[in-house]
Amino acid sequence: MSNKTTTSQTYTPLHRCRKSPAIVIMVLSFLVIPACAQITAKSTLLETKKQRDERMKWWREARFGMFIHWGVYSVPAGTYRGKRIPGIGEWIMERADIPAAEYEQFAKQFNPVKFNADQWVQIAGNAGMKYIVITSKHHDGFCLWDSKVTNYDIMDASPFKRDILKELSVACKKHGIGLCFYHSIMDWHHPDAQATFYPNYNDTDRLNPKFPRYVKTYMKPQLRELITNYGPLGVLWFDGEWIKDWTEPQGRDLYNYVRSLQPDIIINNRIGKGRKSMQGLTKEGYFAGDFGTPEQQIPATGLPDVDWETCMTMNNTWGFKSYDHNWKSTEDLLRKLVDIASKGGNFLLNVGPNAEGLIPQPSVERLAAMGEWMAKNSESIYGTTASPFEKLPWGRCTAKSGKLYLHVFDWPKDGELKVSLPRHDVQKAYLLARKDRADLLIDSDESGNLVVTVPRKTPDTIDTVVVLEMEAEPAVTPQGKDGTVVLKANNAVVRGTNARYESGGGKDNIGYWTNPDDYVTWRFNVTKAGTFNAEVTFACAAGMSGSKYVLTVGGQELAGTVKDTGGWTSFVTEKIGTVKFSSPGTYNLSVKPKTMPRGAVMNLKSVTLVPIRK
Ligand code: FHN
């Protein structure tokens with residue numbers, strides 16, 4: 001089979017994690033890129049954090065996608081010359097040392113007449129999946145689209161002669177599912193790539209001096225076809241980057257090339273050399289790619305501000321193997337989806353269709369069952385962020401502004417669900433799957449933790465979602481130009497029953513503080529780390545003083561005692577101590593009474609953090 005030739009040239013921005021100041025990186029990359037490149041690069045490189053957040057938004061909110069490993073390897077389906085070949089099915093050419101010319105015979109048998117793109121897309125959509133990543137070309141080099149760059153594709157090398165990616169792009173558009181392509185950098189069929197490494201196609205110590213030609217005249221032109229003839233695409237999902245011929249600078253160059261063709265495309269971290277093996281997250285430093293790709297595993301903890309996506313098989317193989325029936329249960333798969341979402345990641349769950357073009361029935365059944373759960377509970381997955389809790393004994397938690405979704409795997413037999421949250425923070429609790437969203441009783445136990453009274457019978461043994469509607473979060477107060485943070489009463493959020501903001505008649509404070517369980521919270525931003533004096537402005541009428549309170553911020557506690565100021569509007573400012581912020585960020589500050597010897601705590605006007613100048 002021959003490979004036809006074309007040419008193109010561009011460059012690559014660097015990327016680390018969401019917080020990193022993009023502009024700086026761009027300047028760096030400019031330094032290393034020849035003059036002519038800058039013009040082209042400029043259009044793609046200059047991306048502010050806001051622009052990046054906009055580009056990543058749909059993907060971050062989607063949380064759940066379908067991976068499709070399909071190709072010629074579904075013909076042997078794990079067996080070669082009557083022998084079962086161990087390992088993942090899509091590697092049979094390498095595992096069984098099959099010469100390329102012989103492997104091409106499988107392409108001649110690849111005729112999936114039962115392939116129905118609409119059906120596949122609906123199976124994904126009904127499962128609650130928002131995007132599909134299909135193998136446009138896997139390591140064996142066979143192309144599932146009508147490529148003008150090679151004859152080793154579905155149109156010229158197989159009797160099927162239908163453009164599979166075209167039919168999928170039409171179906172995805174029709175059903176509103178994001179179409180994404182997997183593309184292998186390693187190629188066991190191309191003579192300028194790893195074909196010449198036969199029988200050890202995956203020889204990671206070997207180089208092919210012609211590889212740069214493969215990149216320039218084959219891989220890039222094919223990527224241009226995929227991006228321009230089937231797009232817009234959601235994600236380009238590269239793989240096979242571990243070969244010795246591939247380098248980080250090439251990854252950066254390809255990143256820019258792809259984004260110059262479709263600027264808002266998202267690209268995984270396997271375009272460069274940043275991936276930390278199967279753990280999949282990106283190494284320290286700057287590497288090309290927009291998100292980490294853990295494979296067959298889930299990070300142990302949440303990874304704030306890191307974009308990542310776990311890809312996983314439903315049995316033990318990505319590509320179809322006729323005798324691999326080791327299917328994960330629906331419960332296992334759903335709880336994995338929830339576990340991943342609770343850690344701020346996406347779940348890319350794989351199917352390996354057979355050579356007829358059918359997704360294996362066990363996969364179809366499990367996806368349909370996941371869809372039933374998602375039909376009632378997807379609000380607790382889509383658009384959520386990572387759990388605010390380190391660990392939960394009974395399950396997981398996902399979050400949205402003003403809501404927490406408690407995913408209960410182990411239902412409390414005593415009908416009491418305990419959450420280490422102050423009762424005051426919660427407005428309302430209900431079962432997500434119950435249409436009427438009837439209120440659940442919420443109270444607090446002796447240690448002030450929230451207790452939600454739930455039905456004794458487990459509504460959903462796989463995962464019952466209890467929604468907590470939280471009291472409103474305080475707005476974030478910005479740090480002043482002079483570094484001072486002024487937390488005013490009208491910006492505070494009061495948790496409790498009696499205390500509330502009052503204004504007029506000399507009042508502009510939290511007043512009516514007659515319940516010592518009530519407390520006040522603020523949120524604020526610190527852009528410059530440092531040490532601050534904490535000053536409290538309050539008033540207290542004679543004979544009402546003496547209450548002790550605690551100011552808590554950034555894990556630090558300062559104690560204060562309310563003295564008599566001569567009246568409820570005679571405000572005084574008192575420094576009660578200093579607090580240190582070692583890094584910029586958003587902080588919560590609360591003022592909680594410890595004692596209230598008389599009828600009220602104080603009238604609290606403000607808390608001011610004044611930077612101590614060195
Ligand atoms: O070698 C491939 C494998 O066949 C499969 O495509 C997985 C999916 O992420 N990736 C590689 C192994 O890391």
Side-chain angles (χ1 to χ4, degrees), residues 64-78 80 85-98 103 106 129 131-144 180-190 193-195 197 200-204 234-246 251 266-283 287 289-299 307-321 324 328 336 340 345-353 363:
F64 192 26
M66 174 185 271
F67 213 171
I68 304 178
H69 277 71
W70 196 35
V72 164
Y73 39 80
S74 60
V75 172
Y80 176 61
I85 306 301
I88 41 187
E90 70 282 3
W91 274 63
I92 194 165
M93 183 178 172
E94 205 275 340
R95 295 278 160 78
D97 303 340
I98 305 175
Y103 189 85
F106 290 133
M129 294 161 152
Y131 58 102
I132 286 176
V133 181
I134 179 163
T135 50
S136 62
K137 184 197 77 166
H138 203 267
H139 309 330
D140 65 355
F142 183 77
C143 303
L144 291 188
C180 316
F181 290 151
Y182 165 110
H183 197 78
S184 176
I185 294 167
M186 175 164 67
D187 190 317
W188 301 331
H189 183 269
H190 197 289
Q194 286 69 41
F197 296 9
N200 183 6
Y201 294 111
N202 188 43
D203 183 341
T204 50
V235 172
L236 252 178
W237 213 99
F238 286 95
D239 203 10
E241 86 284 9
W242 55 81
I243 53 175
K244 196 166 183 186
D245 275 306
W246 193 248
I266 296 173
I267 303 168
N268 71 342
N269 69 343
R270 298 187 189 191
I271 192 171
K273 303 291 262 192
R275 175 168 65 127
K276 271 187 262 179
S277 69
M278 298 303 250
Q279 181 260 27
L281 298 170
T282 303
K283 297 175 201 155
F287 293 92
D290 294 316
F291 64 91
T293 53
E295 177 166 325
Q296 303 285 46
Q297 57 186 276
I298 300 172
D307 292 308
W308 58 277
E309 173 199 70
T310 280
C311 58
M312 194 174 283
T313 55
M314 293 177 88
N315 53 3
N316 295 337
T317 180
W318 303 93
F320 179 71
K321 286 183 87 172
D324 183 335
K328 295 177 177 74
K336 282 183 164 47
I340 290 167
N346 281 25
F347 190 24
L348 188 65
L349 185 56
N350 184 74
V351 296
S363 297

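Order of listing sets the numbers, starting from 1, for every ligand and every atom in it. As the structure is a prediction and not an experimental result, all values here were calculated from the model.
- Considering backbone and side-chain N/O of W318, none are found under 3.5 Å from N/O of ligand 1.
- Within the 3.5 Å criterion, the main-chain N or O of K273 finds a donor-acceptor partner in the side chain of K283.
- In this structure, Y73 does not count as a contact residue of ligand 1, since none of its heavy atoms falls inside 4.0 Å of the ligand.
- In terms of polar-atom proximity, defined here as any N/O pair under 3.5 Å, H138 does make such a contact with ligand 1.
- Ligand-side atoms of ligand 1 in range of C311: 9 (O), range being under 4.0 angstrom from any heavy atom.
- Rounded to the nearest 0.5 angstrom, K276 NZ and N269 CG are separated by 10.5 Å.
- Nearest protein heavy-atom contact of atom 9 (O) of ligand 1 is E295 OE1, 3.0 Å.
- Checked by atom type, the side-chain pair T135/H69 shows no donor-acceptor distance below 3.5 Å.
- What sits closest to atom 10 (N) of ligand 1 on the protein, heavy atoms only, is D239 OD2, 2.7 Å.
- For the pair K244 (side chain) and D203 (backbone), a donor-acceptor distance under 3.5 Å is absent.
- Residue R270 has at least one heavy-atom neighbour below 4.0 Å for each of these atoms of ligand 1: 9 (O), 10 (N), 13 (O).
- Taking CD1 from I88 and CZ from R95, the interatomic distance works out to 5.5 Å, rounded to the nearest 0.5 Å.
- By the 4.5 Å heavy-atom criterion applied to side chains, Y73 and Y103 are counted as neighbours.
- No donor-acceptor pair under 3.5 Å is formed between the side chain of N268 and the backbone N or O of F291.
- The protein heavy-atom contact nearest to atom 6 (O) of ligand 1 is H69 NE2, 2.7 Å.
- Listed by number with element, the atoms of ligand 1 under 4.0 Å from a non-hydrogen atom of W242 are 1 (O), 11 (C).
- Contacts with ligand 1 closer than 4.0 Å are made by no heavy atom of M312, backbone or side chain.
- Close approach of ligand 1 to W91 is summarised as follows: ligand atoms under 4.0 Å from at least one heavy atom of the residue are 1 (O), 2 (C), 3 (C), 4 (O).
- Of all the atoms in ligand 1, the ones that sit under 4.0 Å from a non-hydrogen atom of W237 are 9 (O).
- The residue from M66, E309, M312 that alone fulfils the side-chain contact (heavy atoms from CB on, under 4.5 Å) condition with L348 is E309.
- Annotation for ligand 1: atoms under 4.0 Å from non-hydrogen atoms of E90 are 3 (C), 4 (O), 5 (C).
- Taking 4.0 Å as the cut-off, M186 does not count as a neighbour of ligand 1 on heavy-atom distance.
- Aromatic rings from H138 and Y182 are positioned such that their centres are separated by under 6.0 Å.
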